[in-house]
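Data block below; observations after.
Owing to the predicted nature of the structure, the values given are computational and were not obtained by experimental measurement. For the numbers below, each heavy atom of this structure counts, side chains included, while hydrogens, waters and symmetry mates do not.
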Amino acid sequence: MSDTAASGSTAPTNDGGTSDVRGASVLVNAIEVLRCFTAEQPLQGVTEIAAQVGLHKSTVSRILATLEQEDLVERDAASRRFKLGLGLIAVAGPLLADLDERRAAYPVLQELTELTGETSALMVWNGSESVCVEQLPSRQQVKHTTPLGTRYNTAVSSSVQVFLAGEGTERARTRLTSGQIILAAPTQENVEEYLTRLKQVSSQGYAINYGETSLDEVGVAAPVLDHRGDLAACVMLAAPRFRVSTDQLQALVEACTAAARKVTVRLGGNPA
């Protein structure tokens, strides 16, 4: 950059920071638009998005046009509604590639899926949600899978149970009573019952969701510790419920906890 260009870029302005505030607002709105796209609702129209984010349709339309130019969203050929674009992979790719937990877990997940015949995944905690950052799908025709980046905040999800158990009783109670983590009928009695369940999860070293979030799905999750002994992630298995008898459930639990211990060792941790 030339000296002239540098001096020109620092010329004083008199807008009182208004342009910075306006720019930040546009960025926040764009992020909110992107968050409207979920695994359950991957296709969204302008009207639907406007209703969710509370913006005028013309504003949403302009945001989507900009995102489309950058390949962050694209139009579905059949419906002409919007969906997330492949450009997001370029944005998220460096983050995923730099996750030590993801690199350590990948070969273990491959073994786990081969051993059980079910979908295995690595989940991390963002403070209020369990996020899928890696997945090895089952080779069977009927299976349960989830897109990378899918987030879960339902209390009975197996991975959410593991992460909340790791946070301790009081923090878990706060997340439940604030509604940050969704618990059906969050009465005081139900919250206390759920907290007791978390203590059991912590004691036994795994969590089970047997058709609680979806009648036809079973989830098993086990904690992964890092070299400091902190909860870094969890390994999860997802299977169709019709394939999981009581004996098979125990086999999945044993395979999942063994895999989580392997990933823990690969991260330099000491498995419990």
Side-chain angles (χ1 to χ4, degrees), residues 28 31-32 34-41 52-54 99 101 119-135 144-226 228-239 241 244 249 252-253 256-257 260 263-264 269 272:
V28 169
I31 292 171
E32 289 301 312
L34 287 172
R35 284 178 173 164
C36 289
F37 298 92
T38 65
E40 293 76 21
Q41 295 180 308
Q52 292 180 64
V53 299
L99 280 175
E101 296 89 348
T119 298
S120 64
L122 183 72
M123 313 295 293
V124 298
W125 187 242
N126 72 0
S128 60
E129 298 167 313
S130 176
V131 184
C132 178
V133 295
E134 187 58 273
Q135 179 181 245
H144 282 286
T145 60
T146 186
L148 296 186
T150 298
R151 300 171 292 174
Y152 299 92
N153 68 343
T154 305
V156 291
S157 297
S158 59
S159 60
V160 172
Q161 292 180 58
V162 168
F163 289 123
L164 286 183
E167 289 201 330
T169 299
E170 291 310 313
R171 184 169 292 183
R173 178 184 283 110
T174 298
R175 296 197 189 284
L176 292 165
T177 55
S178 68
Q180 193 173 42
I181 300 298
I182 306 302
L183 178 66
T187 63
Q188 182 176 353
E189 180 181 359
N190 289 344
V191 168
E192 294 306 318
E193 181 179 342
Y194 179 79
L195 293 174
T196 299
R197 178 176 180 171
L198 292 185
K199 291 179 181 178
Q200 182 179 358
V201 169
S202 181
S203 174
Q204 66 193 15
Y206 62 87
I208 296 173
N209 166 21
Y210 194 80
E212 294 175 90
T213 54
S214 173
L215 290 176
D216 62 351
E217 183 177 4
V218 173
V220 177
V224 170
L225 307 180
D226 63 17
R228 295 181 296 271
D230 295 331
L231 181 58
C234 76
V235 172
M236 187 181 75
L237 276 171
R241 186 174 174 179
V244 184
L249 177 61
L252 292 182
V253 166
C256 187
T257 53
V263 181
T264 293

#### Entry: From CA spacing to verdict: side chain to side chain contact (heavy atoms under 4.5 Å, CB included), F163, V201
CA-CA 10 Å; F163 289 123; V201 169; over 6 Å; no
Starting from the C-alpha separation in whole Å, work towards a yes-or-no answer on side chain to side chain contact (heavy atoms under 4.5 Å, CB included) for K199 and T169. CA-CA 8 Å; K199 291 179 181 178; T169 299; 3.7 Å; yes
Quiz item: Side-chain contact, heavy-atom cut-off 4.5 Å: V235 with V224?
Solution: yes
Applying side chain to side chain donor-acceptor pair (under 3.5 Å) to T150 and not counting sequence neighbours gives T146
#### Entry: Full working for side chain to side chain contact (heavy atoms under 4.5 Å, CB included) between V133 and E101
CA-CA 9 Å; V133 295; E101 296 89 348; over 6 Å; no
Rounded to the nearest 0.5 Å, the CD atom of E129 sits from the CH2 atom of W125 at a distance of 8.0 Å
Taken to the nearest 0.5 Å, the spacing of M123 CE from Q135 CD works out to 9.0 Å
Residue set satisfying side chain to side chain donor-acceptor pair (under 3.5 Å) with S203, at least two apart, ordered chain then number -> none
Correct closest heavy-atom pair for S130 and S159 would be OG-OG, 2.8 Å
*Under the side chain to side chain contact (heavy atoms under 4.5 Å, CB included) rule, what do V220 and L249 come out as? Steps first, then yes or no, please.*
CA-CA 9 Å; V220 177; L249 177 61; 3.9 Å; yes
Minimal heavy-atom distance between G211 and R241, with the atoms involved, is CA-NH1, 4.0 Å
Heavy-atom closest pair (P223 atom, G205 atom, distance to 0.1 Å) is CD-O, 3.2 Å
Counting distance only, does the side-chain N/O of T264 pair as donor-acceptor with the main-chain N or O of L225 below 3.5 Å? yes
For T187, the side chain to side chain contact (heavy atoms under 4.5 Å, CB included) test, sequence neighbours excluded, returns E189, N190
Mark yes or no for whether N126, through its side chain, and S128, through its backbone, hold a donor-acceptor pair below 3.5 Å. yes
NE2 (H144) and CG (L237) are apart, to the nearest 0.5 Å, by 12.5 Å
Flag the pair V244 / Y210 as yes when at least one side-chain heavy-atom distance between them is below 4.5 Å, and no otherwise.
yes
CD of E217 to CG of N209, rounded to nearest 0.5 Å, is 7.0 Å
Across all chains, not counting sequence neighbours, the side chain to side chain donor-acceptor pair (under 3.5 Å) partners of R197 are Q161, E212
Residues at least two apart in sequence or cross-chain that pass side chain to side chain contact (heavy atoms under 4.5 Å, CB included) with A155, listed by chain then number, are L176, I181, L183, Y194
Note: C132 and A121 closest approach over all heavy atoms is SG-CB, 4.3 Å
In terms of heavy-atom contacts, V53 and E32 come closest through CG1-O, 3.7 Å
Between L198 and L164 the two heavy atoms that sit nearest each other are CD1-CB, 3.7 Å
The single option from E167, E192, Q188 that satisfies side chain to side chain donor-acceptor pair (under 3.5 Å) with R173 is E192
Between the OH atom in Y206 and the SG atom in C234, the distance rounded to the nearest 0.5 Å is 15.0 Å
Sequence neighbours excluded, the answer for side chain to side chain donor-acceptor pair (under 3.5 Å) partners of Q204 is Q200
